[in-house]
Structure formats: structure tokens, C-alpha cells
Amino acid sequence: MPSKTQSVLVGGLIAAVIGTVVSVVQYLSGASDPVNQNPVLGIIFGLLGCTVMLTSGVIAVWHYASENELTLKPKQGVGIGALAGLIYAIAAVALGLLLVLFNVIPSPEETIEMIRETGAFDTPGAEQAESITRIMVTWGGVVVALIGGVIMGLVGGAIGAAIFKHGPDPESELLG
């Protein structure tokens, strides 16, 4: 079988760039502002984020099937999609760090401070909420991105394998 590396990189990197643009738009729209959250915008951007993660696998499978003019078995699509999702997550985290570095989006400390200013941590027992929030805006977010990227990428890969058919079907070759 031909190498999957280029397709995995294409799918993961395209999705990471799209996801980064969605994140910046989310920030600029105020949907991620802890003081003035619009729940509808939050839901819309959450769905967009999941869709972008799915596209990493779909794009990778499409690219691989198109470039090599073949049809993939579902398990092959899942494998390519999972790897593309991993690339997506790593690249998206790196791009996010660059956005923080260039002051396009707030740093984890700035985010914690914005939440603190809302008074969310002033209630009794709020120390736990603050520590959980601190975890999620630092390394916890990275872990969630990696796990979510792989899971959504593999689902996208399975969808892509079912959609994109090029060349002979590998199942019919086994039967015939």
C-alpha cells in the first residue's frame, strides 16, 4: 500500500488551520468571554469545533483515496483518520500557543483572571472550581484536544472511507 504520511499531514494540517480560524472568530465574537457569554454562540462554536475535528479524518481519507485511486476498507479509514486527528490536535495546540504568544487570544493566566473578575470563584468551595478551571485552561485542554482529535479523526476517517470510493472495492476483490 502507498504511504499514508502525506494524506495524514494534509488532513490534519488543513483541519488545524480551519480550527484555529474558528477559535479566533469565537474569541472575537465574544462567545468565549466569561463575562458576556452567549449560550447560542457557544453551542454553534462547539459544533463547529467538532465538525472541524471530524474533517481531519475525512480530508485525509479523501486525499489518500483520490491520490492513489483506490477504495479503503473502513478499518483503513479509521487508522488514517485517527492519525490525521492526532496531527490536527498537535498542530492546533501549537497554533494556539502562537496565538497566545502574539496576543491574539488570552493566555491561560489571563483567562483565569477574567473568570476571577466575574466573581465565579468568590463562592464557598470555589477553590475546587478554580483548580479545575486552571487545569482545563492549561494542560487539561491539551489532553482533551489530543483525545478528542484522535476520536473525532477516526470517526471522520470511517465516514470518509464510506463516502470516497475510487478504483476497485477491496471487499469485492476478496469475493471475486
Side-chain angles (χ1 to χ4, degrees), residues 1-27 31-32 41-102 104-105 108 111 132-176:
M1 252 191 143
S3 174
K4 299 169 183 74
T5 305
Q6 182 180 16
S7 299
V8 166
L9 289 172
V10 166
L13 293 176
I14 287 174
V17 169
I18 294 169
T20 302
V21 169
V22 168
S23 293
V24 170
V25 171
Q26 178 181 2
Y27 173 70
S32 59
L41 276 179
I43 291 168
I44 289 170
F45 281 108
L47 291 172
L48 276 173
C50 288
T51 303
V52 169
M53 282 191 266
L54 274 173
T55 62
S56 65
V58 173
I59 292 169
V61 168
W62 164 79
H63 184 269
Y64 187 75
S66 297
E67 287 293 308
N68 298 297
E69 295 184 17
L70 50 82
T71 297
L72 296 172
K73 294 178 187 175
K75 68 179 182 180
Q76 293 169 314
V78 166
I80 291 171
L83 291 172
L86 180 62
I87 296 298
Y88 156 80
I90 292 168
V93 167
L95 289 170
L97 291 173
L98 284 174
L99 292 175
V100 168
L101 187 65
F102 291 116
V104 176
I105 61 175
T111 302
I132 290 170
T133 302
R134 184 172 299 283
I135 289 169
M136 287 312 296
V137 299
T138 55
W139 62 269
V142 173
V143 171
V144 169
L146 289 170
I147 294 169
V150 170
I151 291 171
M152 296 300 276
L154 71 83
V155 171
I159 292 168
I163 294 172
F164 303 114
K165 309 285 184 184
H166 298 284
D169 186 355
E171 295 298 321
S172 65
E173 289 178 8
L174 294 175
L175 299 174

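FYI, side chains are in, hydrogens and waters are out, and symmetry mates aren't considered; it's all heavy atoms of this structure.
Between V8 and A60 the shortest heavy-atom distance is CA-CB, 4.2 Å. A145 and A89 get closest at one heavy-atom pair: O-CB, 3.3 Å. Minimum heavy-atom separation, V104 to Y27: O-CE2, 3.3 Å.
Here the straight-line distance linking atom CG of L48 with atom CD1 of I43 works out to 12.5 Å at 0.5 Å rounding. To the nearest 0.5 Å, atom CG of residue L95 and atom CG of residue L101 are 12.0 Å apart. To the nearest 0.5 angstrom, M53 atom CE is 12.0 Å from L154 atom CG. Interatomic distance, CD1 of I147 versus CG of L86, reported as 11.5 Å (0.5 Å rounding). Expressed to the nearest 0.5 Å, how far OG1 of T71 lies from CZ of F164 amounts to 12.0 Å. From I59, atom CD1 reaches atom CD1 of I18 across 5.0 Å, with rounding to the nearest 0.5 Å.
Between I87 and the options I14, L9, V10, a side chain to side chain contact (heavy atoms under 4.5 Å, CB included) holds for only L9.
Side-chain atoms of E69 do not come within 3.5 Å of backbone N or O of S66 as any donor-acceptor pair. Y64 contributes a side-chain N or O that, together with a main-chain N or O of P2, makes up a donor-acceptor pair within less than 3.5 Å.
Within the 4.5 Å cutoff, side-chain heavy atoms of M152 are placed close to those of C50. The side-chain heavy atoms of T55 and Y88, taken from C-beta on, include no pair separated by under 4.5 Å. Under the 4.5 Å side-chain criterion, counting only non-hydrogen atoms from C-beta, I90 is in contact with L146.
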